[in-house]
A.B. asks: 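What follows is a structure written as structure tokens; I'll ask about it next.
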Amino acid sequence: MKIFHVHTYRCGHAEHVPDEAYIRKAAALGADEIWFTDHAPFPGDPFGARMAYAELEEYVTTLRRLQAQHTDIAVHIGLETEYFPHFDAAGYYRELREIPGLEMLLLGQHMAQISDDPPAYSFSLPRGVLDREEFVLLGTALVHGIESGYFDAVAHPDRIFRRCGDWDARMQSMASAVITAAVRAGLPLERNLCSMESDRLYREAFWSLVPETAATVIGYDAHSLREMERRSIVHALL
Ligand SMILES: [Zn+2]
Ligand SMILES: [Zn+2]
């Protein structure tokens with residue numbers, strides 16, 4: 001069993017336990033693989049809810065040490081991050097891909113870049129605009145991120161509809177664009193166990209569009225030991 005998509009205390013909104021506690025818990029739950037994908041920082045630290053840029057090296061170094069120490073379970077090292085054209089142009093995703101020991105970039109689009117000079121992001125838009133248009137901004141950014149070639153999997157793709165009401169034709173067309181891009185690039189789409197705990201975040205209408213042959217991965221999105229434990233019960237039932 002693979003426990004995929006685990007965060008650490010460094011992001012500032014996860015339980016304050018050492019990384020090793022997640023490894024021990026995962027092994028105790030019967031996993032033979034654990035994948036850490038904490039929220040990636042950006043140079044200059046322009047965003048909250050993630051480690052500081054200065055912590056990135058320690059994150060990878062600490063996990064590499066734990067990887068060497070644990071032979072009972074395979075410890076994998078990744079980062080979850082948004083795709084922003086501004087940072088792509090600056091070479092940042094290429095830089096991340098070159099970090100020794102970093103095995104995967106998980107595309108998790110929590111906001112989108114809306115202008116380039118100066119860079120501005122969707123969280124600065126009025127609430128009414130976000131309610132109507134956020135899924136288009138996030139979905140379009142997902143497609144561009146998928147096509148950039150820097151990412152290995154797409155986190156909670158159906159969460160782009162978090163502010164939407166009932167499923168409609170515009171949502172259907174955005175969902176199809178994301179799914180088509182992921183299938184073409186061969187990137188797994190993540191069925192997120194955290195999203196499944198909420199009606200608004202997990203969209204059956206999205207998953208009904210995903211072809212059976214498409215690659216998918218179950219993600220825990222665990223920010224605490226309790227979440228890992230609770231989601232392992234649901235995982236076993238899927
Ligand atoms: Zn988080
Ligand atoms: Zn996450």
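Because the structure is a prediction, the values reported are computed rather than measured.
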A.B. asks: Are Y83 and H144 an aromatic pair by the rule of ring centers under 6.0 Å?
C.D. replies: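 Y83 vs H144: aromatic centres not under 6.0 Å.
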A.B. asks: List the steps, then state whether side chain to side chain donor-acceptor pair (under 3.5 Å) holds for E103 with H76.
C.D. replies: CA-CA 7 Å; E103 297 167 82; H76 293 284; 2.7 Å; yes
A.B. asks: Given side chains that start at C-beta, do those of Y202 and E197 come closer than 4.5 Å, heavy atoms only?
C.D. replies: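 A side-chain contact under 4.5 Å is absent here.
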A.B. asks: Out of curiosity, S124 OG to I114 CD1, how far, rounded to the nearest 0.5 Å?
C.D. replies: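 So the OG of S124 and the CD1 of I114 are separated by 4.0 Å.
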A.B. asks: Taking the side chain as every heavy atom from C-beta outward, state whether I179 and P211 have any pair of such atoms under 4.5 Å apart.
C.D. replies: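 Sidechains of P211 and I179: in contact.
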A.B. asks: E98 and R94: salt bridge (charged side-chain N to carboxylate O under 4.0 Å, His left out), yes or no, with the steps?
C.D. replies: CA-CA 6 Å; E98 286 168 1; R94 181 167 313 136; 5.3 Å; no
A.B. asks: More than 12 heavy atoms of other residues, nucleotides or ligands under 6.0 Å from CZ of R226: yes or no?
C.D. replies: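 Counting other residues, nucleotides and ligands, CZ of R226 stays at 12 neighbours or fewer.
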A.B. asks: Drop me the distance from F36's CZ to L66's CG, to the nearest 0.5 angstrom.
C.D. replies: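 Going from the CZ atom of F36 to the CG atom of L66 covers 7.0 Å.
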A.B. asks: Could you tell me whether the side chain of H223 reaches within less than 4.5 Å of the side chain of M228, counting heavy atoms only?
C.D. replies: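 No, their side chains stay 4.5 Å or more apart.
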A.B. asks: Kindly compute the distance separating CG (D221) from NE2 (H7), expressed to the nearest 0.5 Å.
C.D. replies: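 Going from the CG atom of D221 to the NE2 atom of H7 covers 4.0 Å.
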A.B. asks: Considering only NZ, NE, NH1 and NH2 on the basic side and carboxylate oxygens on the acidic side, decide whether D152 and R97 come within less than 4.0 Å.
C.D. replies: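 Salt bridge between D152 and R97, a charged N being under 4.0 Å from a carboxylate O: yes.
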A.B. asks: Determine whether R170 and V136 make a side-chain contact, defined as any pair of heavy atoms from C-beta on separated by less than 4.5 Å.
C.D. replies: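 In short, these two side chains touch, coming nearer than 4.5 Å.
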A.B. asks: Between Y121 and F84, how do the two ring planes meet: parallel, tilted or perpendicular, split at 30° and 60°?
C.D. replies: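 Perpendicular, since the angle between the ring planes exceeds 60°.
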A.B. asks: For H110 and E82, test the side chains for any donor-to-acceptor distance below 3.5 angstrom and give the result as yes or no.
C.D. replies: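 On atom types as modelled, these side chains qualify, holding a pair under 3.5 Å.
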A.B. asks: Would you say the ring centroid of Y220 lies under 6.0 angstrom from that of W35?
C.D. replies: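 That pair fails the under 6.0 Å test.
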A.B. asks: Using distance alone, with no hydrogens and no angle criterion, decide if S195 and R159 have a side-chain donor and acceptor under 3.5 Å apart.
C.D. replies: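 Side chains of S195 and R159: pair found under 3.5 Å.
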A.B. asks: Report the distance from atom CZ of F161 to atom CG of D168, rounding to the nearest 0.5 Å.
C.D. replies: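 One finds 9.0 Å between CZ of F161 and CG of D168.
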A.B. asks: Within the supplied structure, the quantity of interest is the number of heavy atoms (other residues, nucleotides, ligands) at a distance under 6.0 Å from E57 CD; does it exceed 12?
C.D. replies: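 12 or below, so no.
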A.B. asks: Looking at every non-hydrogen atom in both residues, tell me the closest pair between V143 and A177 and how far apart they are.
C.D. replies: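 Heavy-atom minimum between the residues: CG2-O, 3.8 Å.
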A.B. asks: Verify whether the ring centers belonging to F87 and F42 lie closer than 6.0 Å.
C.D. replies: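 Yes: the rings meet the under 6.0 Å criterion.
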A.B. asks: Can you find a pair of side-chain heavy atoms, one from I218 and one from K2, that are under 4.5 Å apart?
C.D. replies: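 No; the side chains remain at least 4.5 Å from each other.
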A.B. asks: If the threshold is 4.0 Å, N to carboxylate O, is there a salt bridge linking D19 and R10?
C.D. replies: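 Between R10 and D19 there is a salt bridge, with a charged N closer than 4.0 Å to a carboxylate O.
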A.B. asks: Can you name the nearest heavy-atom pair linking V60 to P100, along with the distance?
C.D. replies: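 Looks like CG1-O, 3.7 Å.
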A.B. asks: State the CZ-CE distance between F135 and M174, to the nearest 0.5 angstrom.
C.D. replies: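 The CE atom of M174 is 8.0 Å from CZ of F135, to the nearest 0.5 Å.
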A.B. asks: Is it true that the NZ or CZ of R191 lies under 6.0 Å from the centre of W207's six-membered ring and within 45 degrees of the ring axis?
C.D. replies: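 Flagged: R191 positioned over aromatic ring of W207.
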A.B. asks: How close do L225 and A21 get, heavy atom to heavy atom, and via which atoms?
C.D. replies: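 Heavy-atom minimum between the residues: CD2-O, 3.6 Å.
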A.B. asks: Do L79 and T37 have side chains that approach each other closer than 4.5 Å (heavy atoms only, starting at C-beta)?
C.D. replies: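 No, every pair of side-chain atoms sits at 4.5 Å or beyond.
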A.B. asks: For residues H5 and L106, determine if any side-chain heavy atom of one lies less than 4.5 Å from a side-chain heavy atom of the other.
C.D. replies: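 A side-chain contact under 4.5 Å exists here.
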A.B. asks: Working to the nearest 0.5 Å, report the span between CG of D131 and CG of L125.
C.D. replies: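 The CG atom of L125 is 11.0 Å from CG of D131, to the nearest 0.5 Å.
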A.B. asks: For a 4.5 angstrom cut-off between non-hydrogen side-chain atoms, does L56 reach L96?
C.D. replies: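 Yes, close enough: below the 4.5 Å cut-off.
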